Structure formats: structure tokens, C-alpha cells
Number of protein chains: 2
Amino acid sequence: MTESKENSTSQRILKTAAELFASKGYDALSMRDIASACDIKAPSLYNHFKDKQALYQATLKFVFKQQSQALVCCLESDLPPKQKLNEFIEIAGKQMADNFIFRQLFFRILLAQDEEDLKFLANQVLADSCNALHAVFVEINPDCDPHFLTTSLMGLLLFHFQANPLRIYLPAGSEQTQASEYLIEHIQLMLHKQLGD
Amino acid sequence: MTESKENSTSQRILKTAAELFASKGYDALSMRDIASACDIKAPSLYNHFKDKQALYQATLKFVFKQQSQALVCCLESDLPPKQKLNEFIEIAGKQMADNFIFRQLFFRILLAQDEEDLKFLANQVLADSCNALHAVFVEINPDCDPHFLTTSLMGLLLFHFQANPLRIYLPAGSEQTQASEYLIEHIQLMLHKQLGD
DNA sequence: ATTTAACTAACTAACGCTTGTTAGTTTAAC
DNA sequence: GTTAAACTAACAAGCGTTAGTTAGTTAAAT
């Protein structure tokens, strides 16, 4: 019930739940599953979280809050804008490549289309990065559509990495996962060409 | 059990199930939900499909088979390649904009990462379009990476439309859904710039 | 210093409900 | 008269959740 950050059991539950919610989804995952992965029994979860929904929401906050920080930060430097964009894409790309949980939960929110979750994602996770990105885009090219470009960039970053398990079955798709450095570099090039390189 | 295409009840079940699976997902949807939406009782579903999993697979085939046809078709014309690409993007874009079910089920397969479903999507749905697209890309610019471009295009088309409910909560996101014509035009421009316009 | 009280967080047992699915029956069509 | 496809009834399993209990820790009172 406390949900306090300093409680180590709550933290362990959140970390475990994040993994499980990400890979199995809300409905396919039972409280007993989560509890057993934490080496406790299901009713004990209710000492830390009001109900399943509250645990899910807390999990989303837990995963997303720490993530959005690194991105805004690199857009606040005083590098030249083109370089700033490159750095942003590199950092965001690495996050997408490494953080399966983040990517998966992001997609799940997009799929479920729950209004509360969408608002949370937009306001608490994406808003700052979006604003900073908009500024960088218009700085590079005042005639561009920063909103379109931001969505495009998000789509490219998320999709390329999410599609990796699919890609290997596509024609001309090599058996191995495409190197994230290669993808990141090409996405950087793509955005710059789009901005009138 | 028959799953034959000419059976009208089976067809009605598939159409209904497609809507429901798309919007609620596999686990959140019960056989009783599906049945009730078809104005029958749950056990009657088993006269047409072996079990829930089989109904789901049949639904995927039902939704995707008809979709992949239109796309390959427009890539087989003998228009100049740049025009062919434009037409492909326009048709695919309209499908993404209109066909909520297709988009949603596509994303769900990507999320669930079930190997069987990924293979089905790759081989039965995407393979032909991918090959044709590759050809068009190298025809326009022999030095490009057609595989990267194909994935990028898929990502842009899917994501822009899937992100529309999110977009309206983002900073500078207008209250209304972005016009699909506008999105399609910008994606066309983007691809052409990428190919060295 | 010892006892008492209160709180935290784990447990077991269980409730009411929903799930996918089967069995057995009925009804209508060829 | 066989068959296809609907039905009712029901099963076993699993679900989220609550109640009640217990053990361990902390704080105040004696």
C-alpha cells in the first residue's frame, strides 16, 4: 500500500513486474505469476499495491521515469544543432536497442489505447524530449514540420528495433540481428537528408 | 471444425473475431465475448474452429490475406519506378489509415513475438511486397540499402497512424487526427529524398 | 530493563467469478 | 436417416481479491 521508493521489496516487485508485463502483457499475466517470480505469495503483493491495475501503473512510472531523463539532458547541451540531433538519435537508439522492457511497454500503451496511459506517456515521458527536439529541428531548418519529423523519428527508432525478430524471416534478411550501430547511423543520415542536409 | 471459406457463419465469426482480437487482444478476449458478438453461444464456436488458438490463427489469415494482394499488384505495373513507389506508399498509407484491424493485429504480432506468427507475417503477408519494393528501390538508386528502406517505410506507415491517438496529447499536437493525405505526402517526400531525389 | 502496544509484511484458506472446453441433446436441411 | 450446427449444462482450472493469522520489528509505558 505504501509504494514508497525506499522500500526494497516494492522495488523488487516493480522490477520483476516490469519484465513480465513487458513480455506477456497485462491480461496474460496473473498476480500469482508476478508473486511467484518474486518468491512470495500473491496476497503479499497487496501489502504494497492496492490492486493489479495500481501495480501496472506503478510499473509504467517505474520504467518510464528513469528513461526520459537521459534524453532531455543531451538536448540541453550547447552543441551545434546538427550534432545535438546526432547525439540524441544515438542515445535514444541505444536505449531502444538495449531496453526491451521500455520498447515493449511503449508499444503496449499504443495498442491498448487507454486514454489515461496515453496521456501519461505524452505528458510525463515524451513532452520534454518532444519540445527540445522541435527546437532543434527548426533550428536546423526553419521550414520543416517539426511535429511530423518527431513522430517519424520515434517511429523509426521504435520500429527498427521492434521489427528485428520479424526482419530475420523477411527476404534478404540475414539470420542475425542487424547491428544497432548500423541502424542508428542510417537513421541519423535519414533525418539529416530530410532536413536538407 | 470445417473452417471452409464459403460457410457464411464461419465468415461472420472471423469478421467479428477480427474486430475483437484487434481491439482487445488475445488474452483479454473470451470465447464467450466472441460468441455473444456473433449472437450465438460459446460452444457453437467449436463447430467451426478447433479451439481458441485455431480461431485466432484463422482470423489472422482472414485479415492479412486479402490485404497483401492490393499492394503487390500496384508494384507489378510498368510505371516508372519513382511513380510506382509513390503509388505504393499511397495505397499502403490508405490501408493503414483505414484498416484499424490490420494495423492493430500487425502490432500485436510484433509484440507477442510468437515465432509461428512472425514467420506467417513475413512469408505469407510481407514477402512479396518486400521483394517488389526492393526491386523498385535499387532501380531508383542502386547504391541504397533496400532492406533498411523497406523496414523504414513499414515503420513510418504503421507508426504515424498508430500514434495518432497519442499525438493529440503531445505538445503542438492539434486536437484532431492528422489528415492521412498529409502524412502520406510527407512520407513519399521522405523516401524520395532518402533515395537521392 | 521489561513489558506492552502497534505496525509491517509475510503467510494460508477461501470466496465468487470467469475461463476454455466437453458431453449430450435438439432442431432443421438434404 | 444422416449430418451440420445450434443449444443447455457442467467441469476443472485459474482468476483477482479478501479475511484472518502469524512472526518480526519498533516505540512507548511501566
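These figures come from a predicted structure and were not determined experimentally. Below, read A as the first sequence line, B as the second, and so on, with proteins coming before strands; counting in each chain starts at 1.
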- Task: State which of D:dA6, C:dA10, C:dC11 makes the closest approach to the side chain of B:Ser44.
- Result: D:dA6
- Message: Ring centres under 6.0 Å, that's the criterion: do B:Phe159 and A:Phe159 meet it?
- Response: no
- Task: Would you indicate which nucleotide in D:dC7, C:dT21, C:dC11 comes nearest to any side-chain atom of B:Lys52?
- Result: C:dT21
- Task: Would you mind classifying the nucleic acid contact of A:Leu29 as base, sugar-phosphate or nothing, using non-hydrogen atoms under 4.0 angstrom?
- Result: sugar-phosphate
- Kindly point out which of D:dC7, C:dT19, D:dG16 is positioned nearest to the side chain of B:Asp33? C:dT19
- Sidechain-backbone polar pair: A:Thr59 side chain, A:Leu55 backbone, donor-acceptor under 3.5 Å: yes
- Query: 5'-most contact on DNA chain D: A:Asp27 or B:Ile13, nearest heavy atom basis?
  - Reply: B:Ile13
- Message: Test your reading of the model: is there a side-chain donor-acceptor pair from A:Gln188 to the backbone of A:Asn86, 3.5 Å cut-off?
- Response: yes
- Task: Keeping the roles fixed (side chain from B:Arg103, backbone from B:Gln95), state whether a donor-acceptor pair exists under 3.5 Å.
- Result: no
- Query: To the nearest Å, how far apart are A:Gln11 CD and C:dA9 C1'?
  - Reply: 16 Å
- Please report, rounded to the nearest Å, how far the P atom of D:dA4 is from the CD1 atom of B:Ile40. 17 Å
- Could you please name the option among D:dC15, C:dC11, C:dA9 that lies closest to any side-chain atom of A:Ser30? D:dC15
- N or O in side chain of B:Thr9 less than 4.0 angstrom from D:dA5 OP1/OP2: no
- Task: Please state how far atom CZ in A:Phe49 lies from atom P in D:dG16, giving the value in whole angstrom units.
- Result: 15 Å
- Message: Just the rounded figure in Å: distance from P of C:dA10 to CG of A:Leu45.
- Response: 9 Å
- Query: Once you round it to whole Å, what is the distance between C1' of C:dA10 and CZ of A:Arg12?
  - Reply: 11 Å
- Message: In this structure, how many angstroms lie between the P atom of C:dA10 and the NE2 atom of A:His48, rounded?
- Response: 4 Å
- Query: Quick one: does B:Arg32 reach the base of C:dG20 with a side-chain donor-acceptor pair under 3.5 Å?
  - Reply: yes
- Query: Where the side chain of A:Met31 is concerned, which of D:dA9, C:dA10, D:dG16 is the nearest nucleotide?
  - Reply: D:dG16
- Task: Could you tell me whether a side-chain N or O of B:Lys84 sits under 3.5 Å from a main-chain N or O of B:Ser77, the two making a donor and an acceptor?
- Result: yes
- Counting heavy atoms from C-beta on, name the nucleotide in D:dG16, C:dT21, C:dA10 closest to the side chain of A:Tyr46. D:dG16
- Item | Atom pair distance, as rounded to whole Å: CG in B:Asn47 and P in C:dT25 | 16 Å
- Spacing between A:Lys50 atom NZ and C:dA9 atom C1', to the nearest angstrom: 20 Å
